[in-house]
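Here the structure is a predicted model, which means the values were calculated and not measured.
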Amino acid sequence: MRCPALRGRLALWGAALLCAAAHAGAPDTPAADAAPLRLRVVGGLAGVTQYTQLEAPFWTRDLPRLSEGRYRADIVPFDRAGVPGMEMLRLLQLGVVPFGTVLMSSLSAQYPQYTAVDLPGLNPDLATLRASLAAFRPYLEKALREEHGVELLAVYVYPAQVLFCKDPLLGLDDLRGRHVRVSSAAQGDFFAALGAKPQRVPFAQVVKSMETGASECAVTASMSGNILGLHAHAAYLYPMPISWGMAVFAANRAAWQALPADLRQLLQAELPKLETAVWLSAQGETEQGLACNVGSPSCTTGRQGAMALVPVRAQDEARRETIFNTVVLPRWVRRCGARCRDIWDRTIGPARRMSAPVQP
């Protein structure tokens, strides 16, 4: 099968992916002397542990080993593939990207219903996030398959999104009036409810924003902040998980069904193991990020900082829950509509004993 000539970096990558999808429609059992079938995969964020130590090794090292050389894969992080994050689900639906990773935060404008599981203030720890996902996942799988023609293969989580600040703070109330870098509208709702001034700043520009004083605080993952060097620009670390950062790994359904049966079976067996490894890594990375930013001897994977760790007080936990119920959830429903209220009340709401408000 000949692939169309396309223009631009994304188009060229898409053409290669379409070629791989076409070849994936070959007979179920490759001939012994045939060249290995090679998949093209768009992974998660470049440079972070999830990609460098888990995703990339799985596709480039483990897949050939597990398949005894019958199958291989190339993977590129989406933020270096010329693939706009907000377009990833659409590209999967079209088959331009047969196998790809979608950051849930990138869906907040067009498909806010899919962001329910990681709304700011909902999940104060990883165990609670697991419970939220368990309640939400059946809906997510069905909706992606029936509404987008996309097969959900794994759900990944990034480390806890915590708060780096330049100036002293004792708790959430001290954020009033401060410019806080956020990554989504829902995070903006959370900090606006505290009287802060939320700013949407891309991940790659967080350090510059702190350096110039445009941001006084920044929300990002504890280890990601360490990798960026935020510990050199902020003195106080507040470890309350505002949110986590979720991603789905999925396949265009036609491309998935065109794979040889044994490859589908292998991936169905192995991708849940990769998902488990990612979740364990997120917990470890959260702890390591906190340790490294404050200069603890337990820091082994990051750069030693000297930040002050601000204890999370019980009154702030209560404030987090109140803000979620009275501000974050209602505003999400307002942006998302009656359908989302129904989705919430059929999935996460009963599991967490939180009903979505009825909008006037």
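Looking at Met223, Gln50, Met246 one by one, the single match for side-chain contact (heavy atoms from CB on, under 4.5 Å) with Tyr158 turns out to be Gln50.
Between Phe164 and Asn293, some side-chain heavy-atom pair lies under the 4.5 Å cut-off. At least one side-chain heavy atom of Thr300 sits less than 4.5 Å from a side-chain heavy atom of Gln288. Inter-residue side-chain proximity for Tyr238 and Val162 is flagged as unmet; no heavy-atom pair is nearer than 4.5 Å. Side chains of Leu259 and Leu39 form a contact here, defined as non-hydrogen atoms less than 4.5 Å apart. Arg319 has its side chain out of reach of Gln315: every pair of non-hydrogen atoms, C-beta onward, lies at least 4.5 Å apart. Side chains of Cys217 and Leu175 form a contact here, defined as non-hydrogen atoms less than 4.5 Å apart. In this structure the side chain of Cys340 never reaches within 4.5 angstrom of the side chain of Val333, judged on heavy atoms.
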Kindly indicate, with the supporting measurements, whether the criterion side-chain contact (heavy atoms from CB on, under 4.5 Å) is fulfilled by Phe190 and Val180.
CA-CA 11 Å; Phe190 184 91; Val180 179; over 6 Å; no

Run the salt bridge (Lys or Arg N to Asp or Glu O under 4.0 Å) test on Asp167 and Arg178 for me, step by step, so that the C-alpha distance in whole Å, both residues' side-chain angles and the decisive distance to 0.1 Å come before the verdict.
CA-CA 10 Å; Asp167 298 323; Arg178 299 194 196 187; 5.2 Å; no

For Arg320 and Glu317, what are the C-alpha separation, side-chain angles and deciding distance, and is it a salt bridge (Lys or Arg N to Asp or Glu O under 4.0 Å)?
CA-CA 5 Å; Arg320 169 194 59 77; Glu317 289 289 2; 2.9 Å; yes

Between Arg353 and Glu321, does a salt bridge (Lys or Arg N to Asp or Glu O under 4.0 Å) hold up when you go through it step by step?
CA-CA 12 Å; Arg353 299 180 181 180; Glu321 190 170 343; over 6 Å; no

Checking salt bridge (Lys or Arg N to Asp or Glu O under 4.0 Å) for the pair Lys273/Glu270: CA distance, chi angles, key distance, verdict?
CA-CA 5 Å; Lys273 299 176 185 177; Glu270 296 299 329; 3.3 Å; yes

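In this structure, Lys166 places its NZ atom where more than 12 heavy-atom neighbours from other residues, nucleotides or ligands lie under 6.0 Å away. Within a 6.0 Å sphere centred on CD of Glu68, other residues, nucleotides and ligands contribute 12 heavy atoms or fewer. Within a 6.0 Å radius of CE in Met354, other residues, nucleotides and ligands contribute more than 12 heavy atoms. The neighbour count for Arg313 CZ, taken as heavy atoms of other residues, nucleotides or ligands under 6.0 Å away, is above 12.
A side-chain N or O of Arg352 and one of Asn123 form a donor-acceptor pair less than 3.5 Å apart. Between the side chains of Gln161 and Thr220, no donor-acceptor pair is found at a separation under 3.5 Å. No donor-acceptor contact under 3.5 angstrom links the side chains of Glu285 and Ser281, judged on distance only. His179 and Glu216 are linked by a side-chain donor-acceptor pair at a separation below 3.5 angstrom, with hydrogens and angles left out of the test. Under the 3.5 Å distance criterion, with hydrogens and angles disregarded, no donor-acceptor pair is assigned to the side chains of Ser183 and Arg200.
Hydrophobic cluster membership differs between Leu228 and Val48, with clusters built from Ile, Leu, Val, Met, Phe, Trp and Tyr side chains linked at under 4.5 angstrom.
The backbone N or O of Ala214 lies less than 3.5 Å from a partner atom in the side chain of Gln199, making a donor-acceptor pair.
With sequence neighbours left out, Tyr139 forms a ring-ring contact (aromatic ring centres under 6.0 Å, His included) with Phe136. Legend: residues meeting ring-ring contact (aromatic ring centres under 6.0 Å, His included) with Phe249, ordered by chain and number and at least two apart, are Trp59.
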Quick one: side chains of residues 102-112, donor-acceptor pairs under 3.5 Å with protein atoms, not counting sequence neighbours, listed by atom name and distance.
| from | atom 1 | to | atom 2 | distance (Å) |
| --- | --- | --- | --- | --- |
| Ser106 | OG | Gly85 | O | 3.3 |
| Ser106 | OG | Leu103 | O | 2.6 |
| Ser108 | OG | Ser105 | O | 3.1 |

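One distance of note links CG of Leu152 with NZ of Lys142; it measures 15.0 Å at 0.5 Å rounding.
Under a 4.0 Å N-O distance rule, the pair Arg145/Glu141 does not qualify as a salt bridge. Using a cutoff of 4.0 Å between basic side-chain nitrogens and carboxylate oxygens, Arg335 and Asp189 are scored as salt-bridged. Taking a cutoff of 4.0 Å between a charged side-chain nitrogen and a carboxylate oxygen, Arg339 and Asp342 do not qualify as a salt bridge.
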